[in-house]
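Notes to accompany the following structure.
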Amino acid sequence: MAAKLFIFAACVATAFAQYSAPAYKPAYPAAAYPAPAYAAPAYSAPKAYAPEPAYPPKPYNFEYSVNDPSTYDVKSQSEYADANGYVKGSYSLLEADGSTRVVEYTADNYGFNAEVKKIEGSGYKAAPYSAPAYKAAPAYKPAYAAPAYPAPAAYPAPAAYPAPAYSAPAYKPAPYKAYILRTPSTQASFTDLVYGTRSTPVSIKHKTNNKMATKMIIFAACVATALAQYSAPAYKPAYPAPAYPAAAYAAPKAYAPEPAYPPTPYNFEYSVNDPSTYDVKSQSEYSDGNGNVKGSYSLVEADGSTRVVEYTADDYNGFNAEVKKIEGGYKAPYSAPAYKAAPAYKPAYAAPAYPAPAYQAPAYKPAPYKAY
């Protein structure tokens with residue numbers, strides 16, 4: 001059987017090797033498009049700014065002093081400069097230890113120089129200061145105690161099972177039957193045996209050997225028997241699931257209802273008259289305190305007419321309004337500007353037209369058949 005499979009596979013591979021995939025050739029050459037040419041943008045040179053003017057130094061003189069014992073802010077400074085850029089000054093301040101620091105400085109085109117002096121005990125002593133003592137933060141205590149869970153129960157180790165002992169089965173070789181043809185000579189051809197062309201008898205022995213297949217079947221049966229003896233242990237949790245009490249929620253706080261205020265009488269009116277913005281309108285309204293409202297408003301429309309609205313409102317009839325239109329009077333000299341329609345879009349270049357590709361089915365020629 002194996003030899004037949006090998007021969008069949010070799011025949012299939014030989015048949016497929018005789019045909020090669022046809023080489024694909026497009027029906028038309030690829031179109032060549034020139035690369036678009038873009039003109040380099042032209043930028044104007046940056047605007048040249050005039051240099052900032054150089055101003056000669058100007059003489060000045062200032063001084064100030066601060067004396068605030070409540071905040072321990074005691075300091076002073078004085079400085080002056082001439083028209084040649086020469087600066088001279090000094091400043092002093094009271095240190096925390098009661099001494100006074102004095103700095104005298106000068107500055108010119110050659111640099112800055114300062115001399116620092118410290119005057120001990122200038123008559124003013126800063127009040128002693130001690131850092132405030134802060135209490136230690138209270139130790140954190142949780143609002144509830146953590147639940148205690150019992151330790152899981154200890155289970156004994158599973159019992160040790162002895163390894164199964166298997167005895168090797170005794171096999172008895174299958175009997176075979178010998179075919180014996182007696183002949184003085186022990187040589188015979190295959191043709192003589194099949195067609196009976198040889199007259200002298202020949203002794204032939206035939207034996208069937210299935211030892212390898214029998215061993216594989218016995219090995220599989222032994223493995224299945226060993227696996228069938230053990231079952232997976234049933235899972236048991238080491239401790240029961242904890243039970244948590246239902247959360248208790250307090251009823252929401254009842255809020256007092258909002259107080260009901262009686263209607264309050266009122267009366268108002270206003271008017272606007274601005275011809276430059278065409279805003280001409282007015283309104284007036286009053287209420288008697290029992291929920292009855294009466295009012296009116298008017299405004300000038302774009303066509304020069306005046307719209308007048310008179311309205312009333314109460315708890316029985318609801319809201320009612322009467323609209324009137326008074327022709328004439330003030331004419332609003334305004335007309336909406338006319339806008340031109342947007343130009344129709346036209347592309348800068350015509351889209352190229354490509355011919356539809358034509359494909360020709362490849363012609364296959366069967367390979368000549370060669371008999372084996």
Side-chain angles (χ1 to χ4, degrees), residues 33 35-53 55 64 66 68 70-71 143 244-356:
Y33 299 98
Y38 298 98
Y43 299 99
S44 59
K47 181 180 179 181
Y49 293 93
E52 295 184 359
Y55 300 100
Y64 72 89
V66 178
D68 187 2
S70 61
T71 60
Y244 298 99
Y249 298 97
K253 182 180 178 181
Y255 294 94
E258 294 185 359
Y261 300 100
T264 303
Y266 65 87
N267 184 15
F268 76 89
E269 62 179 342
Y270 72 90
S271 62
V272 178
N273 188 4
D274 189 1
S276 61
T277 61
Y278 315 110
D279 189 9
V280 180
K281 59 188 177 182
S282 64
Q283 183 179 4
S284 63
E285 180 179 308
Y286 78 93
S287 174
D288 60 0
N290 297 320
N292 297 317
V293 179
K294 186 176 181 179
S296 65
Y297 69 89
S298 64
L299 61 103
V300 176
E301 301 280 6
D303 59 355
S305 63
T306 302
R307 185 203 311 172
V308 179
V309 179
E310 298 177 352
Y311 58 90
T312 59
D314 53 34
D315 296 335
Y316 181 75
N317 297 314
F319 180 83
N320 295 277
E322 182 182 358
V323 182
K324 301 177 182 179
K325 186 175 183 180
I326 302 175
E327 299 290 343
Y330 177 77
K331 182 67 176 180
Y334 174 78
S335 60
Y339 297 97
K340 295 182 179 180
Y345 173 74
K346 294 182 180 180
Y349 60 91
Y354 301 99

By the ring pair (Phe, Tyr, Trp, His ring centres under 6.0 Å) test, which pairs, at least two apart or in different chains, include something from residues 285-327?
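Every pair satisfying ring pair (Phe, Tyr, Trp, His ring centres under 6.0 Å) with a residue in residues 285-327: Tyr311-Phe319.
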
Residues Val323 and Val309: closest non-hydrogen pair is CG2-CG2, 4.1 Å

Shortest non-hydrogen contact from Ser271 toward Ser282
CB-CB, 3.7 Å

For [X], which residues count as a side-chain contact (heavy atoms from CB on, under 4.5 Å) partner, sequence neighbours excluded?
| X | answer |
| --- | --- |
| Asn320 | Thr312, Asn317 |
| Ile326 | Thr306, Val308 |
| Asn292 | Asp288, Asn290, Asp314 |
| Tyr244 | Tyr149, Pro242 |

If you look only at pairs with a residue in residues 255-266, which of them pass as a side chain to side chain donor-acceptor pair (under 3.5 Å), with sequence neighbours excluded?
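Non-adjacent pairs meeting side chain to side chain donor-acceptor pair (under 3.5 Å): Tyr266-Glu285.
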
Rounded to the nearest 0.5 Å, what separates atom [atom1] in [X] from atom [atom2] in [Y]?
| X | Y | atom1 | atom2 | answer |
| --- | --- | --- | --- | --- |
| Ser298 | Lys281 | OG | NZ | 10.5 Å |
| Gln283 | Glu269 | CD | CD | 10.5 Å |
| Ser284 | Glu310 | OG | CD | 9.0 Å |

Residues forming a ring-ring contact (aromatic ring centres under 6.0 Å, His included) with Tyr270, sequence neighbours excluded:
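Counting only residues at least two positions away or on another chain, Tyr270 forms no ring-ring contact (aromatic ring centres under 6.0 Å, His included).
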
Residues in side-chain hydrogen bond (donor to acceptor under 3.5 Å, both in side chains) contact with Ser287, at least two apart in sequence or another chain
none

Under the side-chain hydrogen bond (donor to acceptor under 3.5 Å, both in side chains) test, residues paired with Ser44 that sit two or more places apart
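side-chain hydrogen bond (donor to acceptor under 3.5 Å, both in side chains) list for Ser44, sorted by chain: empty.
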
